[in-house]
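The structure appears right after this line, and notes come after that.
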Amino acid sequence: MSTDRDGKKLVRSPSGLRMLPENRALGSPFCLEEPQWVPDKECPLCMHCDAKFDFITRKHHCRRCGKCFCDKCCSKKVPLPRMCFVDPVRQCAECSVISQKEMEFYDRQLKVLMNGATFYITQGSSEKSENVVCRLSNNHRYLFLDGEDHYEIEVARISTVQILTEGFTPGDIHTYTSLLESQCIIEGGNSRATGMLIQYKPQGSDELLQMKFTTSEDFNSNKKMSASWLAAMHKAAKLLYESRDQ
């Protein structure tokens, strides 16, 4: 059985202090690797405004993209949890906007996923459903499903995710690529998430399995929690695709 207790260590990189797992293979699937910095000799000009670097106009590297900019174009220090930085780090204007948007996931939606929610799950073509509590493990690597039995699905081995909404008509499974274009979940919109279809490969196997998650029909706080969990999972799927595409 997997464990949530993975050791971490403080590492100093050229970009700043990072809190990394002792075993890099056990890192969060949502994390991004540090980029290689564009060598100083290859960037005589700011890569945004074309200002020429000299003794007065100094160059700075964005910690997220690795490109070099003048101070004006790379002045913001913004938290970057996807690269495990302890403190806010210098980022260019474009990257800082992306990182600030991701903070909602780390500040709110990640907690929703780890707190868990209740679903009925159906495996494959089976008609039998089981009531389980589904939550994301503390190290973000697994979905834990606890009911009559205990299931563990490795997040990195989930290949497709589809969020189901009210009025859903079964069709093609959305891949991570299409999820980036999807409007399945709209903050403040009328669509309510009612379930999720995932395809994944169990540990130690290349067989592709499918599992369907559906919320309870009862209109109570549990259903609201489940809908919030699904909305958070929708965001997690986008970040997971971006990590794989790095």
Side-chain angles (χ1 to χ4, degrees), residues 1-36 62-66 77-89 91 95-117 133-146 150-161 163 175-177 179-180 185 196 198-204 211 213 228-246:
M1 181 181 295
S2 61
T3 176
D4 277 353
R5 298 181 178 179
D6 298 315
K8 293 187 177 183
K9 60 182 178 181
L10 196 62
V11 175
R12 182 178 295 279
S13 75
S15 299
L17 286 174
R18 303 172 72 202
M19 185 63 74
L20 300 172
E22 292 182 355
N23 184 343
R24 295 296 294 275
L26 300 180
S28 167
F30 304 117
C31 285
L32 299 172
E33 291 295 329
E34 271 191 279
Q36 287 191 339
C62 172
R63 272 47 175 176
R64 184 174 181 122
C65 67
K77 289 191 175 182
V78 179
L80 186 48
R82 292 193 72 187
M83 291 185 186
C84 305
F85 284 108
V86 175
D87 302 308
V89 292
Q91 298 178 56
C95 287
S96 65
V97 170
I98 296 172
S99 295
Q100 287 172 333
K101 289 181 178 179
E102 290 174 351
M103 283 307 300
E104 180 187 4
F105 176 74
Y106 280 88
D107 287 343
R108 184 168 66 88
Q109 293 168 325
L110 199 54
K111 295 175 183 176
V112 170
L113 291 173
M114 291 191 291
N115 286 338
V133 174
C134 181
R135 72 177 181 88
L136 184 69
S137 63
N138 291 344
N139 60 13
H140 313 159
R141 290 178 51 79
Y142 298 91
L143 291 181
F144 290 158
L145 291 78
D146 290 298
H150 175 79
Y151 305 91
E152 296 183 5
I153 298 176
E154 190 173 358
V155 172
R157 294 180 68 82
I158 297 176
S159 58
T160 62
V161 174
I163 302 298
T175 65
Y176 286 113
T177 306
L179 270 172
L180 293 175
I185 306 291
M196 174 176 72
I198 65 170
Q199 290 184 330
Y200 68 98
K201 293 180 180 180
Q203 290 176 279
M211 183 176 289
F213 298 67
S228 296
W229 194 94
L230 291 169
M233 187 63 188
H234 180 255
K235 178 63 175 178
K238 292 181 181 181
L239 296 186
L240 184 59
Y241 168 77
E242 292 168 6
S243 297
R244 290 175 174 178
D245 195 46
Q246 186 184 34

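Since the structure is predicted, the reported quantities are computational estimates derived from the model, not experimental observations.
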May I ask you to test the [X]-[Y] pair for a side-chain heavy-atom distance under 4.5 Å?
| X | Y | result |
| --- | --- | --- |
| I98 | Q91 | no |
| S15 | V89 | no |
| E152 | S137 | no |
| V161 | I163 | yes |
| P29 | H140 | yes |
| W229 | L113 | yes |

Check [X] against [Y] and note the closest heavy-atom contact, atom names and distance.
| X | Y | answer |
| --- | --- | --- |
| S13 | R18 | OG-CD, 3.9 Å |
| P202 | R157 | O-NH2, 3.0 Å |
| F85 | G16 | CE2-N, 4.0 Å |
| A236 | F30 | O-CE2, 3.4 Å |
| L143 | V155 | N-CG2, 4.1 Å |
| F105 | A232 | CE1-O, 4.0 Å |

Quiz item: Sequence neighbours excluded, which residues qualify as side-chain hydrogen bond (donor to acceptor under 3.5 Å, both in side chains) partners of Y200?
Solution: none
Self-check item: Residues forming a side-chain hydrogen bond (donor to acceptor under 3.5 Å, both in side chains) with S96, sequence neighbours excluded
Solution: none
Between [atom1] of [X] and [atom2] of [Y], what distance do you get to the nearest 0.5 Å?
| X | Y | atom1 | atom2 | answer |
| --- | --- | --- | --- | --- |
| E34 | C84 | CD | SG | 9.5 Å |
| K8 | M19 | NZ | CE | 7.5 Å |
| L136 | I153 | CG | CD1 | 11.5 Å |
| L80 | D87 | CG | CG | 12.0 Å |
| S159 | L240 | OG | CG | 10.5 Å |

Exercise. Just jot down the salt bridge (charged side-chain N to carboxylate O under 4.0 Å, His left out) partners of R63, sequence neighbours excluded, or say none.
Key: none
Under the side chain to side chain contact (heavy atoms under 4.5 Å, CB included) test, residues paired with [X] that sit two or more places apart:
| X | answer |
| --- | --- |
| V11 | K9, L20 |
| M103 | P79, P81, D107 |
| D146 | F144, H150 |

Practice problem: Quickly, which of R64, K238, K235 forms a salt bridge (charged side-chain N to carboxylate O under 4.0 Å, His left out) with E102? Name it, please. | Solution: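 Among R64, K238, K235, the one that satisfies the salt bridge (charged side-chain N to carboxylate O under 4.0 Å, His left out) with E102 is R64.
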Practice problem: Verify side chain to side chain contact (heavy atoms under 4.5 Å, CB included) between M211 and M196, making sure each step is shown before the conclusion. | Solution: CA-CA 8 Å; M211 183 176 289; M196 174 176 72; over 6 Å; no
